[in-house]
Amino acid sequence: MIGGGGKTKCNIRHASQTYRRHGFYCICRTNDTMTDMPPSSSPLASDAEPLLSAVYSRYAARQYAARPELAARVRELARAPLTRQWIEQRLAQLGAPRDESVDDNVLKRALRLVRTELFCAVMERDLAGLADVPEVTGAMTDLAEVAIRRALASISAELHALYGMPLNAQRQPQTLGVVGMGKLGGRELNVSSDIDLIFVYEDDGETEGGSRAPISNQDFFTRVGRRLIGALAEHTAHGYVFRVDMRLRPNGDSGPLVCSIGMLEEYFYVQGREWERYAWIKARLVSDVDSEAGARLAAQLDAQVRPFVYRRYLDFGVIAAIRALHVQIRQEATRRASSRRDKADDIKLGRGGIREIEFTAQVFQLIRGGQDAGFRIRPTLAVLDHAAALGLIARGAVQRLAQAYQMLRCIEHRLQYVNDAQTHAMPVDEGERAQLAASLGFADYPALLAVLERHREFVGRQFDQIFADKRGGAAAPAGAGNQALGKIGSTAWEETATWIWSSALADEAADDELRTRLASLGFNDPPAILSRLHAVWQSARYAGLPERHRTRFDKLVLRALEATPTHCNERVDATLLRFLDLLEAVARRGSYLALLVEYPAALARVFAVLGESRWAAGYLIRHPQVLDELLDDEALVSPFDWTEFKRMLLARLADADGTEHQMDLLRHAHQAEVFRILLLDLGAHLSVEHISDRLSELADAVLDVTLQTVWPQLARRHCDVPRFAIIAYGKLGGKELGYASDLDLIFLYDDHDERAAEIYALFARRLITWLTMSTGAGTLFDVDLRLRPNGEAGLLVTSLTAFRRYQLREGDAANTAWVWEHQALSRARFCAGDARIGAQFDAIRAQVLAQPRDARALATEIAAMRQKVAEGHPNPTALFDLKHDRGGMVDIEFIVQYWVLLHAGAYPALRCNTGNIALLREAARIGLMSETQAEQVGGAYRTYRKLQHALRLDGMDKARVPPERVQVERDAVTRLWEQVFGA
């Protein structure tokens with residue numbers, strides 16, 4: 001839909017009445033405490049009424065629509081808690097019995113169907129007040145453990161037949177251990193959680209051989225691990241089981257997928273970092289430990305992990321380390337909130353949130369767990385209970401923390417039920433807020449927020465108090481190790497910078513002098529700069545750097561203190577703060593530190609990027625590997641050759657080590673090109689139109705490469721080249737893509753094979769996974785498919801014949817395109833895949849646009865749709881919204897689309913997807929407006945886009961400016977609108 005009005009969101013009207021009619025909540029309020037509702041007060045929906053989950057959750061509603069039998073099954077399942085035994089029995093019913101090797105597709109289908117049933121049944125019980133937080137998290141944890149064990153047993157058995165049993169040097173059988181980290185390890189999984197896993201095995205060795213030659217144990221277990229990840233995380237026609245995150249393994253994404261116990265021991269001893277101690281607190285072997293090999297592995301793993309996590313002495317040094325980690329998390333949450341309004345109120349990472357309760361428990365474990373085995377437990381509230389029993393924290397405080405924790409976790413689940421999304425952000429939409437409040441038994445959202453804020457305020461105060469009380473016992477922060485560093489130069493600025501970083505930060509009494517010196521260097525807010533420098537100096541990340549890395553880090557901080565006032569006078573403070581964020585992001589990657597030290601020109605470009613654009617700074621910090629692009633001057637000025645880009649990328653993908661590696665290579669290649677465009681943009685070498693062209697061409701190229709890479713991996717493909725095309729709508733369709741734009745796509749196929757619809761639907765789902773899945777390298781794109789025929793209710797892929805009939809309104813009148821869909825079609829184009837289908841799409845598009853239309857009826861439809869867009873994007877500020885306000889970009893786009901739909905039959909040039917400014921000129925040429933008007937309105941559109949682009953680069957979520965800034969442009973657009981549509 002043009003301007004966003006046609007991307008229909010779920011209607012949640014009348015939800016509050018439904019919730020209250022069913023007693024639709026799991027908690028009630030008694031003097032701001034949380035208590036479980038008795039089952040009798042919150043009955044399940046009767047057979048004659050809709051399921052509570054169907055009303056509350058878009059995800060559940062989609063599942064019930066897709067599987068008509070599911071609702072009845074969930075209604076029955078929700079009558080009692082779902083047990084581990086039920087999960088195993090249900091898997092057996094679906095063709096995946098315990099301890100048997102089954103076909104991959106059968107296994108994946110069974111796991112996913114069980115996951116959907118359990119998710120919906122748990123939700124139904126929760127919403128009805130029949131399941132408390134432990135029941136919900138316990139059910140999800142049981143599902144994860146059973147799924148892991150079931151998949152691991154099946155995959156291992158299959159590979160044993162191929163390669164034989166893996167053995168160590170003593171000829172003892174070896175098994176793959178799956179370590180559950182975080183909430184999986186603590187049996188506290190939320191309903192839409194990732195599972196953090198680490199794969200370990202006992203000893204190196206070789207398989208004994210089967211139908212194929214022997215391979216090394218590491219190779220064997222790597223194959224098992226990859227298959228296991230696919231069994232759990234791959235999106236199929238039935239969804240997924242759990243998203244799998246492997247980044248907590250030794251060396252993260254750069255490390256091997258599996259590691260032996262010996263390798264793990266060496267890593268802990270040589271490289272293990274403070275934050276990894278926190279990560280391993282909840283670690284637990286969730287794979288089978290009943291066999292002899294499993295029991296051996298469990299014992300050896302515990303022998304390595306326990307001394308790494310728990311020191312033999314009282315380790316008060318962790319207080320400062322946790323505080324530093326907490327600061328980093330809060331800074332990240334603040335940055336996210338500043339750029340994303342919908343992420344602003346985070347109940348996990350925000351002040352008084354879930355993470356602060358977890359840290360409050362973990363500090364007791366890390367300080368005292370080496371001496372008191374009672375702290376070597378995993379559930380958060382159990383740790384706090386033990387601390388209270390020892391008198392380390394008041395029993396009343398623990399009770400209030402427990403109440404806050406229960407409420408936060410309950411809200412977390414309610415947020416995640418809606419779309420089966422791992423979100424922790426309180427809603428911003430008024431309807432969603434009302435829905436959430438009603439589901440929890442509150443009269444309205446302010447009432448819910450009042451209780452929640454009291455809980456969060458207590459958690460925040462308690463967190464501060466615990467850490468402040470222990471600061472006297474904390475180990476002194478590690479020094480900078482700069483005794484031998486000396487001065488980098490001899491100027492007064494260099495001497496001041498050196499003194500600030502290498503000496504004065506260690507002495508709190510020198511703070512006043514530090515602020516004075518920072519002001520002398522040209523910083524505008526010395527206290528803020530000083531606070532950030534202190535945080536870096538005292539951080540566990542900095543203290544844990546190897547000496548060589550720390551020396552480079554120190555040099556870069558000194559150069560930043562000296563250089564940023566010179567390079568970025570207007571944004572000197574922001575530039576330094578962003579540079580410190582970048583240094584912390586790359587501190588463990590010595591190659592990046594060395595790059596910036598050895599190449600001053602690259603460092604100068606970094607300062608320029610950080611100073612010019614908040615969005616660019618965030619991009620660089622998220623993707624530091626693009627620092628390599630700063631070294632190649634020739635690449636910055638060379639023309640964009642997308643044919644060569646695709647050829648080279650396809651060659652690299654062909655040599656990649658598995659799907660995960662291929663996904664990462666795709667993302668790195670895309671990020672490098674985006675950064676190259678960004679550097680040209682910041683250097684004023686490209687206009688806004690050219691930036692959008694390059695970003696759109698890059699997206700086309702990446703889509704084409706992804707399509708070519710994924711199709712050969714599809715097991716059920718029936719031809720070598722898919723008869724399949726990707727059609728771009730919206731910003732990509734109009735070649736107006738921005739740096740953070742999502743892709744509006746539809747998928748067409750023209751294949752008469754009887755399995756074509758099913759095969760191409762599977763292919764499309766796989767493509768979407770490749771494009772949207774978050775890997776260690778990030779994501780490629782956000783993809784929006786709601787512009788396909790029949791929107792979210794329509795098929796994922798559409799045959800060319802069905803698309804033609806839908807757009808040309810042939811056949812069933814109830815299943816035909818709306819006017820707004822024809823508006824959208826005016827900006828659509830073929831962008832990847834089968835060019836023959838692309839040509840046929842172009843012919844259909846031209847035929848649709850050329851249809852005769854009644855001017856009055858069309859004007860009425862488009863004006864009404866414009867009103868819906870305006871209502872869907874209210875602007876409560878006094879600023880002018882460049883896109884959505886009257887006289888803005890949407891008005892121009894709708895005028896152009898109106899003329900295209902009305903006159904394209906008589907004037908074929910209007911069918912060309914050449915952009916709004918070019919089409920305005922064409923409208924003037926055929927007499928629809930004057931040339932002066934065309935230049936005025938086209939100039940307004942160009943101005944709006946430039947301003948919008950600048951605001952987005954500065955991190956603004958909404959493109960709004962003072963009205964007087966664009967009054968002339970707005971008046972010109974308004975006059976044309978009234979001329980075309982009337983006042």
Residues two or more places apart in sequence or in another chain: which of them pass side-chain hydrogen bond (donor to acceptor under 3.5 Å, both in side chains) with [X]?
X    : answer
E673 : R676
Q422 : none
D245 : R247
Q840 : R836

If the condition is ring-ring contact (aromatic ring centres under 6.0 Å, His included), which residues does [X] pass it with, not counting sequence neighbours?
X    : answer
F830 : none
F763 : W711, F724
H413 : none
F781 : H670

Test side chain to side chain contact (heavy atoms under 4.5 Å, CB included) on L748 and V797 and set out the steps.
CA-CA 6 Å; L748 300 179; V797 295; over 6 Å; no
Scan for side-chain hydrogen bond (donor to acceptor under 3.5 Å, both in side chains) pairs involving residues 770-780, sequence neighbours excluded, and state none if there are none.
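For residues 770-780, and leaving out neighbouring residues, the side-chain hydrogen bond (donor to acceptor under 3.5 Å, both in side chains) pairs sorted by first residue read D664-T775.
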Does anything in residues 722-734 pair up under side-chain hydrogen bond (donor to acceptor under 3.5 Å, both in side chains), and if so which pairs, sequence neighbours excluded?
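For residues 722-734, and leaving out neighbouring residues, the side-chain hydrogen bond (donor to acceptor under 3.5 Å, both in side chains) pairs sorted by first residue read R723-D751.
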Check ion pair [X]-[Y] (N to O, under 4.0 angstrom):
X    : Y    : answer
R647 : D641 : no
R694 : E697 : yes
E736 : R827 : yes

Gap between atom CG of N419 and atom OG of S57 - 0.5 Å precision
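It comes to 7.0 Å.
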Nearest 0.5 angstrom please: L785 CG to I746 CD1, how far?
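Taking CG in L785 and CD1 in I746, the distance rounds to 10.0 Å.
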Is there any salt bridge (charged side-chain N to carboxylate O under 4.0 Å, His left out) pair reaching into residues 764-780, and which pairs are they, with sequence neighbours excluded?
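Passing the test, one end in residues 764-780: E234-R766.
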We want to know whether S53 and E124 form a side-chain donor-acceptor pair, criterion being a heavy-atom distance below 3.5 angstrom.
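Yes, E124 and S53 have a side-chain donor paired with an acceptor closer than 3.5 Å.
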State, without any angle test, whether Y619 and Q671 hold a side-chain donor-acceptor pair at a distance under 3.5 Å.
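There is no such pair between these side chains.
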Quick one: sort the H884 and H873 rings into parallel, tilted or perpendicular, breaks at 30° and 60°.
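Judged by the thresholds at 30° and 60°, the geometry between H884 and H873 is parallel.
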Which residues satisfy the side-chain contact (heavy atoms from CB on, under 4.5 Å) test with S156, sequence neighbours excluded?
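side-chain contact (heavy atoms from CB on, under 4.5 Å) check on S156 returns L152, H160, V224.
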Cation over ring face, R115 and Y240, 6.0 Å, 45°
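Yes, cation above the ring, under 6.0 Å and within 45°.
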